[in-house]
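What follows is a short report on a single structure.
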Amino acid sequence: MIYALAMLQKTYLMSPGPTTVPAEVLAAGARQVIHHRGSEFRELMGRCLERLRDVFRTEGDVLVFTASGTGAFESAVANLFSPGDRVLAVTAGEFGDRWIAMAKAYGLDVHELRYAWGETPRPSDVAERLRETGAGTAFVVHSETSTGVVCDLEAIAVEARSAGALLVVDAVSSLGAVPVETDAWGLDVVVSGSQKALMTPPGLSFAAVSQAGWQRAAEASLPRFYFDWAKLRKALEHGSTPSTPAVSVVAQLDVALGLLLDAGLEAAFARHAALGRACREGAKAMGLSLFSPDEERSAVVTAIRVPESVDARELVRSLRDRFGITVAGGHGELASRVFRVGHIGHYDIFDITTTLAAVEELLVEAGAEIERGVAVARALEAYDQPARV
Ligand SMILES: *Cc1c(COP(=O)(O)O)cnc(C)c1O
């Protein structure tokens with residue numbers, strides 16, 4: 001009660017997307033709209049593409065779509081396949097399931113490597129299922145935002161390559177938060193979006209495409225128009241797009257990528273690892289158990305179980321209504337049991353401690369026995385600890 005400041009409530013967007021946007025990036029979006037065929041836009045887009053290559057760590061093409069991350073993934077399906085092509089889709093959560101549904105909608109022959117939500121896909125299973133099915137392509141979600149699991153993408157890429165399969169990666173919530181080495185790991189298609197670790201409002205999404213990806217696209221026969229990679233690449237080579245892009249979001253992305261690269265990607269990875277560690281340790285100090293893995297790599301979103309006596313949906317609602325803090329609930333059966341704290345992009349340790357302190361307050365009100373302040377103290381301590389190996 002004493003914490004509720006109804007009129008001037010500050011808000012904290014701690015969801016795993018969309019995420020908080022830095023002030024400089026917000027300001028870039030408030031400038032006058034520019035025309036997408038002029039030299040000003042050409043220069044802007046050229047710089048964005050260069051910066052995107054740095055962030056994806058690729059010398060290859062990065063395509064920019066005015067669409068959400070789902071649109072960029074759909075572009076991969078429409079450009080890489082012919083009807084009936086066989087694909088192996090790895091799923092351990094909401095987004096893995098989404099790509100299965102999409103591939104089926106496009107008439108592909110979809111084989112699944114399915115895990116329980118919260119499990120971490122194993123590279124050896126991917127190898128085995130690729131051999132069993134003979135699929136020419138594998139889909140994998142790098143950071144499964146619905147569960148908090150980040151898989152060992154590098155090892156999975158090794159298996160895909162040795163099986164001769166193209167690897168399509170959903171890196172929507174991981175790119176810019178944890179290492180994604182498009183070229184060094186031999187990833188064929190890497191899909192991401194503007195509204196997570198890239199600290200930009202929703203509206204743009206991306207696909208980095210390898211040489212092998214382009215070769216496949218040239219042979220594939222599924223229909224494509226808005227998402228036609230070849231047409232888009234040709235336009236982007238001239239700093240343009242086939243249709244009107246979200247020009248203001250492109251201007252914002254340019255500023256955000258500048259901030260990210262100026263500070264350095266390695267610094268961003270270290271910060272995300274530390275934020276994840278702080279969030280996990282703080283939650284555990286309150287006596288809560290984690291749903292997401294208690295490991296350094298899973299540094300994108302922390303999924304936390306509520307005590308038996310508490311409904312997670314109620315906790316999520318109260319955090320928002322009383323303290324202005326937006327976290328995410330669990331999906332499906334997890335809705336009443338789990339809440340998820342995103343720390344993707346423009347976040348610091350005090351965003352984590354604020355969230356933990358508010359969770360503590362609500363749980364204590366609900367009757368939980370928690371030593372006051374212990375979560376914040378432990379989170380601050382863990383943030384400064386060197387990484388466990
Ligand atoms: C956010 C997200 C997406 C894309 O969602 P859109 O709402 O289409 O932008 C895809 N995959 C993962 C893992 C995500 O976190």
Side-chain angles (χ1 to χ4, degrees), residues 13-21 52 56 63-78 89-103 105 115 117-121 138-153 156 167-180 187 189-208 226-227 245-246 249-250 252-253 256 272 276 291-293 297-303 326-332 334 338-347:
L13 184 56
M14 301 299 297
S15 90
T19 65
T20 294
V21 173
L52 282 168
F56 278 85
L63 304 172
V64 178
F65 306 92
T66 291
S68 84
T70 303
F73 204 97
E74 183 151 346
S75 84
V77 173
V90 182
T91 182
E94 164 97 359
F95 291 100
D97 286 354
R98 183 179 296 185
W99 310 140
I100 288 171
M102 182 185 278
Y115 297 92
W117 284 35
E119 279 193 75
T120 304
F139 292 169
V140 65
V141 179
H142 185 203
S143 162
E144 179 49 82
T145 316
S146 62
T147 67
V149 169
V150 175
C151 68
D152 185 349
L153 181 57
I156 288 173
L167 185 62
V168 179
V169 180
D170 170 353
V172 178
S173 67
S174 59
L175 186 79
V178 294
V180 177
L187 312 174
V189 178
V190 180
V191 168
S192 197
S194 58
Q195 80 275 26
K196 310 244 167 124
L198 302 188
M199 306 183 292
T200 302
L204 296 175
S205 55
F206 320 102
Y226 182 74
F227 286 127
V249 189
V250 176
Q252 292 181 294
L253 178 72
H272 282 85
F291 179 80
S292 49
R297 192 174 62 211
S298 294
V300 177
V301 44
T302 302
T326 299
V327 301
H331 287 278
L334 298 174
V338 163
F339 67 101
R340 293 174 297 140
V341 180
H343 26 81
I344 321 175
H346 187 52
Y347 292 89

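All ligand and atom numbering here is 1-based and tracks the order in the structure. All of these numbers come straight from a predicted model, not from anything done at the bench. Because only heavy atoms are used, hydrogens play no part in the values below, and waters and symmetry mates are left out as well, while side chains stay in.
Ring planes of F227 and F65: perpendicular class, angle over 60° (limits at 30 and 60°).
Remark: A89 engages I100, V110, F139 in a side chain to side chain contact (heavy atoms under 4.5 Å, CB included) (not counting sequence neighbours).
Smallest separation of non-hydrogen atoms from V149 and P121: CG1-CD, 4.4 Å. In terms of heavy-atom proximity, V300 sits nearest to S173 at CG1-O, 3.2 Å.
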Between ligand 1 and the protein, which N/O pairs fall short of 3.5 Å?
residue, atom, partner, partner atom, Å
ligand 1, 8 (O), S68, OG, 2.5
ligand 1, 8 (O), G69, N, 3.3
ligand 1, 8 (O), T70, N, 2.8
ligand 1, 8 (O), T70, OG1, 2.5
ligand 1, 9 (O), G69, N, 2.9
ligand 1, 9 (O), Q195, NE2, 2.7
ligand 1, 11 (N), D170, OD1, 3.2
ligand 1, 11 (N), D170, OD2, 2.6
ligand 1, 15 (O), T145, OG1, 2.4
ligand 1, 15 (O), K196, NZ, 2.7

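A side chain to side chain donor-acceptor pair (under 3.5 Å) with H343 is found for one member of T20, T302, T19 and no other, namely T302.
Between the side chains of S174 and S143, no donor-acceptor pair is found at a separation under 3.5 Å.
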